[in-house]
Amino acid sequence: MVRFLQAGLIAICKLVTAALALLAAGQRRILSAIPPSRQLQPRKRNILQLDPATRLAIELVEKVFIRDFRWSFRRLPESNIGIDARAEILENGWPTGRLLPLQIRPISCLEKTEDHYIHRGEKHHLDYWARHSLPVCVIIVDTETGLILWQQIESQLSEETGAEWSIAIPVTNLLDASARLSFEGAIPTDPESLMRSAFALDLTLMEQMQDQTTLFVWDEWGDTTAIFCNLRIYIGEGQEQEPDVQIDYHLRAQNLHDVMVRLFPWASYSYAEPISEYSGEVAVHVLEVELRPEARAYLEAENFLAAGYPEDEVPLAPEPEDFITEEEEREFWRSRGTPHGPRDRHD
């Protein structure tokens with residue numbers, strides 16, 4: 001009887017061990033479909049190094065564009081161009097490449113008249129926007145009441161004083177459906193302008209990626225039409241557990257190439273790994289991305305413009321072929337037995 005009980009316990013232990021092994025194997029199969037360096041990692045937001053009031057203002061504006069306008073919204077890292085975020089018009093969830101640059105500030109730091117708020121900015125930002133024909137919109141937010149006002153930056157509305165510029169924002173310019181119509185009319189639609197905007201707004205990202213191995217990782221949710229979302233960007237060798245940039249896109253498209261061409265026209269890419277699937281619902285696209293030659297030339301041109309004209313030496317004009325120096329002339333007359341040439345006798 002004792003032997004029978006012992007054999008039964010041993011059999012049960014073997015069954016439990018086998019079940020645990022099968023469970024572990026199943027977990028490994030699920031995780032192996034996800035790129036090893038990105039398995040089950042915590043999501044990291046691209047947090048701006050800004051004061052709490054400005055961060056809260058950006059969050060409130062983001063909700064309006066995503067919830068009310070149903071547009072895409074992407075926060076941008078701190079840079080020298082004065083843009084905090086960019087909104088993109090979506091047509092039923094499909095990307096259009098039509099971008100609206102946004103400078104976002106809390107109302108608490110602005111001057112107020114009876115019916116206007118006075119927004120002040122740095123002149124070199126205004127110069128940059130004008131150089132690239134960016135239709136920038138400044139948005140101010142009362143973080144306590146939730147009041148959000150806007151004004152498109154136009155030369156006839158702006159006033160330049162020294163190193164600053166200012167613009168009046170009417171208290172009636174609410175960020176609502178009527179503003180959406182104004183934004184749509186202001187954003188250009190021609191392909192050249194769309195690419196110019198993408199290059200100008202991604203200047204910082206291109207600088208970070210230059211000469212660095214960079215991976216773009218997209219999730220694709222299967223549906224009648226594919227939805228590409230949750231872009232993670234890893235820059236440099238030896239990727240960290242968390243991405244350097246994470247963007248919460250949610251875009252409909254026929255394929256990923258259409259998304260990349262519209263959002264990142266300055267980049268070329270290839271697949272770094274086979275497309276993997278997990279949970280039977282999500283496909284993971286891992287792309288190796290690099291700057292196009294045009295993007296590298298763009299960065300060189302921007303650096304040249306920012307640095308100013310170099311202090312080169314003044315070039316000398318070439319001498320005529322029959323030009324001779326005074327010393328050569330004296331040597332000629334000495335060889336003829338004449339101590340002084342015509343020029344010396346004249347003197």
Side-chain angles (χ1 to χ4, degrees), residues 42-88 99-129 134-154 157-180 182-183 200-205 208 242-249:
R43 299 181 64 193
K44 173 185 174 183
R45 296 189 65 87
N46 186 20
I47 300 176
L48 302 177
Q49 300 300 316
L50 300 173
D51 61 274
T54 301
R55 287 203 301 270
L56 179 56
I58 294 174
E59 291 174 2
L60 293 174
V61 172
E62 181 179 21
K63 290 180 181 178
V64 173
F65 278 95
I66 293 178
R67 179 192 60 202
D68 300 337
F69 289 13
R70 297 188 181 279
W71 287 10
S72 175
F73 187 94
R74 173 181 161 190
R75 304 184 188 196
L76 297 179
E78 284 189 289
S79 66
N80 293 324
I81 67 174
I83 302 298
D84 301 300
R86 75 185 201 187
E88 180 189 1
L99 308 174
L100 177 65
L102 306 173
Q103 185 174 83
I104 303 171
R105 296 291 183 267
I107 282 179
S108 57
C109 64
L110 305 182
E111 303 173 22
K112 187 178 185 299
T113 64
E114 184 176 350
D115 54 0
H116 291 83
Y117 285 91
I118 306 300
H119 171 78
R120 301 185 186 279
E122 299 177 39
K123 188 176 180 299
H124 71 274
H125 291 163
L126 190 64
D127 294 338
Y128 182 86
W129 306 338
L134 293 175
V136 178
C137 181
V138 60
I139 298 180
I140 60 174
V141 183
D142 188 331
T143 56
E144 295 183 359
T145 66
L147 175 69
I148 305 178
L149 306 176
W150 68 277
Q151 180 63 279
Q152 184 178 343
I153 307 302
E154 299 179 10
L157 300 177
S158 306
E159 181 179 345
E160 299 182 25
T161 54
E164 287 188 337
W165 65 276
S166 63
I167 192 169
I169 304 175
V171 296
T172 55
N173 275 22
L174 299 176
L175 189 64
D176 55 17
S178 62
R180 173 180 175 173
S182 298
F183 296 158
L201 294 175
D202 276 338
L203 175 65
T204 299
L205 178 58
Q208 293 172 346
E242 295 188 1
D244 297 280
V245 179
Q246 182 155 335
I247 308 171
D248 292 329
Y249 282 127

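We count residues from 1, following the sequence as given.
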Checklist entry - Is it the case that more than 12 heavy atoms not belonging to K112 sit under 6.0 Å from its NZ atom? => result yes
Next on the checklist: Once salt bridge (Lys or Arg N to Asp or Glu O under 4.0 Å) is applied, do any residues pair with E144, and if so which ones, sequence neighbours excluded?
Outcome noted: none
Item to check | Any donor-acceptor pair under 3.5 Å from W129 side chain to P135 backbone | outcome: no
Checklist outcome for this item: Taking every heavy atom of V171 against every heavy atom of L149, the minimum-distance pair comes out as O-CD2, 3.5 Å
Checklist outcome for this item: The reported gap from CG in L201 to CZ in R74 (rounded to nearest 0.5 angstrom) is 8.5 Å
Next on the checklist: Quick check against the 3.5 Å criterion: does D51 have a side-chain atom that pairs as donor or acceptor with the backbone of T54?
Outcome noted: yes
Next on the checklist: Using side-chain heavy atoms (C-beta onward) and a distance below 4.5 Å, is Q151 in contact with Y117?
Outcome noted: no
Next on the checklist: Please report the interatomic distance CD(Q152) to CD1(I169), rounded to the nearest 0.5 Å.
Outcome noted: 12.5 Å
Item to check | Shortest non-hydrogen contact between F69 and R180, atoms and distance | outcome: O-NH1, 3.3 Å
Next on the checklist: List the residues meeting salt bridge (Lys or Arg N to Asp or Glu O under 4.0 Å) with D142, not counting sequence neighbours, and say none if there are none.
Outcome noted: none
Checklist entry - Considering only heavy atoms from C-beta outward, does the side chain of D127 approach that of W165 to under 4.5 Å? => result no
Checklist entry - How about L174 and L147: do any of their side-chain heavy atoms sit closer than 4.5 Å? => result yes
Item to check | Euclidean distance, I81 CD1 relative to T204 OG1, rounded to 0.5 Å | outcome: 6.0 Å
Item to check | L102 side, atom CG; I139 side, atom CD1 - distance, nearest 0.5 Å | outcome: 4.5 Å
Checklist entry - Okay, side chain of R86, backbone of L99: is any donor-acceptor separation there less than 3.5 Å? => result no
Item to check | Min side-chain heavy-atom separation F73-V64 under 4.5 Å | outcome: no
Checklist entry - Which atom pair, heavy atoms only, marks the closest approach of A168 to H116? => result CB-CD2, 3.6 Å
Checklist entry - Are any of the side-chain heavy atoms of R105 and D84 separated by less than 4.5 Å? => result yes
Item to check | Short side-chain to backbone donor-acceptor contact, Y128 and A200, under 3.5 Å | outcome: yes
Checklist entry - With sequence neighbours excluded, what pairs up with E111 under the salt bridge (Lys or Arg N to Asp or Glu O under 4.0 Å) test? => result R120
Next on the checklist: Within this structure, what is the CG-OG distance for the pair L126 and S166, rounded to the nearest 0.5 Å?
Outcome noted: 10.0 Å
Item to check | Minimum-distance pair of heavy atoms, taken over all atoms of I167 and S158 | outcome: CD1-OG, 4.0 Å
Next on the checklist: Is the shortest side-chain heavy-atom distance between P106 and L56 below 4.5 Å?
Outcome noted: no
Next on the checklist: To the closest 0.5 Å, what do you measure between CD1 (I148) and OG1 (T143)?
Outcome noted: 10.5 Å
